[in-house]
Enquirer: 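Here you go, one structure.
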There are 2 protein chains.
Amino acid sequence: MSSTPPNPHEDLTGRARIRDAALEVFAQRGVRGATVQAIAAAAGVSTGLIRHHFGSKEGLREACDAYAIGALLEQARRGMEEDAAAPGFAASMYQAGGASVRYLARALVEGSRSASDLFDAGADLTERFLAERWPDRYPAGARSTRDAAAVMSAMHLGTLVLHTHMSRRMGADPLAPEHVPRIGTAMVGIYTSMADFLTGEQGGRLAESLPADGTAPTPPPPRENSDE
Amino acid sequence: MSSTPPNPHEDLTGRARIRDAALEVFAQRGVRGATVQAIAAAAGVSTGLIRHHFGSKEGLREACDAYAIGALLEQARRGMEEDAAAPGFAASMYQAGGASVRYLARALVEGSRSASDLFDAGADLTERFLAERWPDRYPAGARSTRDAAAVMSAMHLGTLVLHTHMSRRMGADPLAPEHVPRIGTAMVGIYTSMADFLTGEQGGRLAESLPADGTAPTPPPPRENSDE
DNA sequence: CCTCAGACTACACGCTCGTGTAGCAAACTA
DNA sequence: TAGTTTGCTACACGAGCGTGTAGTCTGAGG
């Protein structure tokens, strides 16, 4: 029962089939756009059975939330055992793969409680990572730190949310396990390249035109660039 | 008459009021989740008027597409006149601000033709930027170049798509003109910091664990790290 | 054999929402 | 003044969809 993820029906209880189908349909059409009849059809059951197991469409959505988050945490825990996990939060989601991740990516945009918690958890992790590694540039709790963590989380999760577009451009589904490493490789290249760019002439001008980090938690009193 | 964007009603024709309301409601609830009656209420008109001007809900959506894309291109053109525009594509969207951008961000996830075109245009720009600046690491047309451009576009646009979450974490709407620079500052910090991280011990291990760039268009023959 | 529970289906109700129709009022034209 | 266009509303129809109800089938327990 644990080793046959790709078969849509086979061997699964009705409840599980419904959940899997719902994850997929919710991810593709959004919660509002998905109909219980479409989910029922995808699962090969009647709409009544959905009601029987989950009570209502909203109940089904909550079950999907719980299941997807659970699957993600499971993967994250497994990922923590290897050390590498840098801000490896989004990385965990890539490793988890499958319908759960597509569902969560959509939920991040449509806004569910769980999705907000998920983003916050990722941002908290990132904040700790930044503060531990560069305590002077990113003091714990400073606005610059919170900003950077929020933006970085959005950037990394953005690759998940926009995976259909990346898929189209890359000619392969970036969520398929065999292609996940391409994302990592690309990101490493981007980070090193952009840092290089920002130390150059054109990029330097751009960087200087921006306000300083403003580690002070107040709206920036016009101060000169302070970092580095 | 031309300089009062924040007032919801006042001075605007019914058609324009409907369009503005639709951009907002579509952005918040998604196309499927938005009802024409909600849009009509927000615009202070009847549902019949929407039909009168736009024919159908789908017609209204297309009008929103066209308007938002137009507003964006306008801003991009203006942005091109200053040079800085690095991969400053997403930057243009930030500068354009307002309901159009929130609408497009949502459209990127819900999938409209225009949104796909928008992503592709951004990715193309990014691809050119990479290929011009680092012709050996990012040869024009190579898979590594396409991958990097796709991922980078997704990362930058991801900050737009997930702006509600960033807003919550930052305590201020990142799309408000006075806060836009904080995003830029954060991104500059992230790029330089992460590049620093990737040259360190832990990050270096992580980078080495990934497949090489694979400028060859075939699935990567296990080769050692080649970049740098 | 009876029964009781759980998985599951068929079917109908009622609401929401997009769309269609008819018509009013003001502005412009002649 | 009459005619026409344009901006706009009120109201009703019909489809889609979530939900509610009743009932069937299977299997386990006594």
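Just so you know, these numbers come straight off a predicted model, no measurement behind them. Throughout, a chain's letter reflects where its sequence line sits, starting with A, and its residues are numbered from 1. All heavy atoms count here, side chains included; hydrogens, waters and symmetry mates do not.
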Enquirer: Does anything in residues 23-36 of chain A come within less than 4.0 Å of DNA chain D? Heavy atoms only, and list the residues if so.
Expert: A:A34, A:T35, A:V36
Enquirer: How far does CG of A:D147 sit from NE2 of B:H179, to the nearest 0.5 angstrom?
Expert: 9.5 Å
Enquirer: Using heavy atoms and a sub-4.0 Å distance, could you list which residues of residues 45-61 of chain A are near DNA chain C? By number, please.
Expert: A:V45, A:S46, A:G48, A:L49, A:H52, A:H53
Enquirer: Ring centres of A:F197 and B:F129 under 6.0 Å apart?
Expert: yes
Enquirer: Looking at NE2 of A:H156 and CD1 of A:I183, how far apart are the two atoms once the value is rounded to the nearest 0.5 Å?
Expert: 11.5 Å
Enquirer: Which atom names give the shortest non-hydrogen contact between B:V161 and B:A105, and what distance separates them?
Expert: CG2-O, 3.7 Å
Enquirer: Taking all non-hydrogen atoms of both residues, which atom of B:G33 and which atom of A:R32 are closest, and how far apart?
Expert: CA-CG, 3.6 Å
Enquirer: Provide the closest heavy-atom pair for A:T47 versus A:A40 in the form atom of the first, atom of the second, distance.
Expert: N-CB, 3.8 Å
Enquirer: Between A:E127 and B:R169 (salt bridge meaning N to carboxylate O under 4.0 Å), is one present in this structure?
Expert: yes
Enquirer: To the nearest Å, give me how far apart CD (A:Q37) and C1' (D:dG20) are.
Expert: 14 Å
Enquirer: Please identify which of these residues, A:R19, A:R102, A:R29, meets the side chain to side chain donor-acceptor pair (under 3.5 Å) condition with A:E24.
Expert: A:R102
